[in-house]
Amino acid sequence: MGQLQNRVALVTGAGRGIGRAIAESLAAEGATVALAARSSKELDDAVASITAKWGKAQAFAVDLFDRAKTLELPRRVSEIGRASCRERV
């Protein structure tokens, strides 16, 4: 059992690169991962990969330059659980 079992982590920029690597690392430690990025296709690929290897992940397509959508993101993520991983990278 990983260190982050029963925790929810929200990762922005999670469709590719460093953001995706962070999401995968958190999932490998047992977290349910909420992945946020602009590209639905990249998010879907990342969620499929994480789900196949480690368990729970959900995509949230959002442009963080859109203030209203950004402010709505925590409420949307709360549908899978309260985000509880607070460290910033």
Side-chain angles (χ1 to χ4, degrees):
M1 182 152 79
Q3 295 178 359
L4 300 176
Q5 199 70 30
N6 301 318
R7 310 271 313 261
V8 175
L10 169 60
V11 181
T12 59
R16 61 185 169 153
I18 294 170
R20 182 168 174 166
I22 291 168
E24 290 172 347
S25 294
L26 292 167
E29 286 298 324
T32 297
V33 185
L35 294 88
R38 289 180 297 198
S39 170
S40 293
K41 171 70 172 115
E42 289 176 347
L43 283 173
D44 291 343
D45 291 345
V47 167
S49 175
I50 289 170
T51 302
K53 294 176 188 173
W54 299 290
K56 296 187 214 173
Q58 187 167 338
F60 295 90
V62 60
D63 182 349
L64 296 179
F65 286 107
D66 182 330
R67 182 171 168 76
K69 295 210 185 291
T70 300
L71 293 173
E72 184 181 302
L73 187 58
R75 183 199 55 77
R76 292 175 61 203
V77 171
S78 72
E79 294 172 5
I80 61 171
R82 186 171 78 69
S84 54
C85 297
R86 299 178 193 274
E87 291 76 22
R88 294 179 188 236
V89 181

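- Here NZ of Lys69 is found 14.5 Å from CZ of Arg38. Values are rounded to the nearest 0.5 Å.
- Using a distance-only test at 3.5 Å, with no hydrogens or angles considered, no donor-acceptor pair links the side chain of Gln3 to the main chain of Glu29.
- Leu71 and Pro74 get closest at one heavy-atom pair: O-CD, 3.4 Å.
- Across all non-hydrogen atoms, the minimal contact from Leu35 to Ala23 is CD2-CB, 4.0 Å.
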Can I get a per-line list of side-chain donor-acceptor pairs under 3.5 Å for residues 40-51, giving both atom names and the distance, sequence neighbours left out?
unit_1	atom_1	unit_2	atom_2	d
Lys41	NZ	Asp45	OD1	3.0
Lys41	NZ	Asp45	OD2	3.1
Thr51	OG1	Val47	O	2.8
Thr51	OG1	Gly55	O	3.4

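- Evaluation of the side-chain contact (heavy atoms from CB on, under 4.5 Å) rule for Lys56 yields Thr32 as partners, not counting sequence neighbours.
- Note on residues 17-26: pairs passing salt bridge (charged side-chain N to carboxylate O under 4.0 Å, His left out), not counting sequence neighbours, are Arg20-Glu24.
- By the salt bridge (Lys or Arg N to Asp or Glu O under 4.0 Å) test, Arg67 is found to be paired with no residue, residues two or more places apart in sequence or in another chain being considered.
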For a quick test of your reading: what N or O donor-acceptor pairs under 3.5 Å do the side chains of residues 8-15 make, sequence neighbours left out?
none

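- In terms of heavy-atom proximity, Leu64 sits nearest to Thr70 at O-OG1, 3.0 Å.
- A salt bridge links Glu72 with Arg75; the closest basic N to acidic carboxylate O contact falls under 4.0 Å.
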